[in-house]
Structures are given as C-alpha cells and as structure tokens.
Trainee: 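Sharing a structure here in structure tokens format.
Positions are given from 1 along the sequence. Keep in mind that what you see is a predicted model, and the values were worked out from it rather than measured.
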Amino acid sequence: RDLKERYNDLLPRDARLATPRQLRHLEGLWVQVTRQKTWGKAMLAFKEFLQNRFHVGDILWIKREDVGKIESVLRAMREQ
C-alpha cells in the first residue's frame, strides 16, 4: 500500500486523535532514529517507545495534543 495513503482508512477520525498525516509524519521521524533493521521490528520498537515515554499503547491512539511533544523528542533523538 502506498505510504502516502497509510492510515487514511481511519477517517473519519475522532478530533481528539492525531490525523493520518500526523501519524505518517511521526512514523517517518521514528524510521530516521530507530536502530531496527526491519519494518516490523521498527514498529514494535516504536510501540514500546510510545508506551514507555508517553503511556500510549499504539500509534493509532496518539492524541492530537501529544503530537508536538512526541515530534520534539524524536527530532532531539535524530540530532544526537
């Protein structure tokens, strides 16, 4: 499936949750910082990261208000 369409199947979506575009953006940042070599392992690691740092059980449950915080941490990790 085209990654530019990823998560669009979630629409319409609760306004309190991150948009599909925001989810794709966060996922893209994660791919830049993860040490995992496969997509599956990278996504499992992202799930663990979200749970440990932000108490979010899955990327699908990220709240819109938390996108900026998660983005800031991922950008900081990328700069290291």
Trainee: Would you mind writing out the side-chain donor-acceptor pairs for residues 73-80 within the sub-3.5 Å range, not counting sequence neighbours?
Mentor:
{"unit_1": "Arg75", "atom_1": "NE", "unit_2": "Glu71", "atom_2": "OE2", "d": "3.2"}
{"unit_1": "Arg75", "atom_1": "NH2", "unit_2": "Glu71", "atom_2": "OE2", "d": "2.8"}
{"unit_1": "Arg78", "atom_1": "NH1", "unit_2": "Gln32", "atom_2": "OE1", "d": "2.8"}

Trainee: Looking at residues at least two apart in the chain, or sitting in another chain, which of them share a salt bridge (Lys or Arg N to Asp or Glu O under 4.0 Å) with Lys69?
Mentor: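 Result, salt bridge (Lys or Arg N to Asp or Glu O under 4.0 Å) vs Lys69: Asp66.
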Trainee: For Pro20 and Tyr7, which heavy atoms make the closest approach, and how far apart are they?
Mentor: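 Taking every non-hydrogen atom into account, CG-O, 3.3 Å.
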Trainee: Going hydrophobic residue to hydrophobic residue with side-chain gaps under 4.5 angstrom, can you get from Ile62 over to Leu44?
Mentor: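 Hydrophobic grouping puts Ile62 apart from Leu44.
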Trainee: Mind checking whether Leu10 and Leu17 have side chains closer than 4.5 Å, heavy atoms only?
Mentor: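 Side chain of Leu10 against side chain of Leu17, heavy atoms only: no contact under 4.5 Å found.
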Trainee: Does Thr19 have any side-chain hydrogen bond (donor to acceptor under 3.5 Å, both in side chains) partners at least two apart in sequence or in another chain, and if so, which?
Mentor: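 Listed in chain order: Gln22.
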Trainee: Sequence neighbours left out, cut at 3.5 Å: what donor-acceptor pairs do the side chains of residues 46-61 make with other protein atoms?
Mentor:
{"unit_1": "Asn52", "atom_1": "ND2", "unit_2": "Glu48", "atom_2": "O", "d": "3.2"}
{"unit_1": "Asp58", "atom_1": "OD1", "unit_2": "Leu60", "atom_2": "N", "d": "3.0"}

Trainee: Please report the interatomic distance CG(Leu23) to CG(Asn8), rounded to the nearest 0.5 Å.
Mentor: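 If we round to the nearest 0.5 Å, Leu23:CG and Asn8:CG are 10.0 Å apart.
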Trainee: Sequence neighbours left out, what pairs pass salt bridge (charged side-chain N to carboxylate O under 4.0 Å, His left out) with at least one residue falling in residues 11-34?
Mentor: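 Non-adjacent pairs meeting salt bridge (charged side-chain N to carboxylate O under 4.0 Å, His left out): Arg6-Glu27, Asp14-Arg16.
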Trainee: Taking side-chain hydrogen bond (donor to acceptor under 3.5 Å, both in side chains) as the cut-off, I'd like each qualifying pair that reaches into residues 35-44, sequence neighbours left out, listed once.
Mentor: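 Every pair satisfying side-chain hydrogen bond (donor to acceptor under 3.5 Å, both in side chains) with a residue in residues 35-44: there are none.
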Trainee: Under 3.5 Å, side chain of Trp30 to main-chain N/O of Met43, donor-acceptor pair present?
Mentor: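 Side chain of Trp30 to backbone of Met43: no pair is present.
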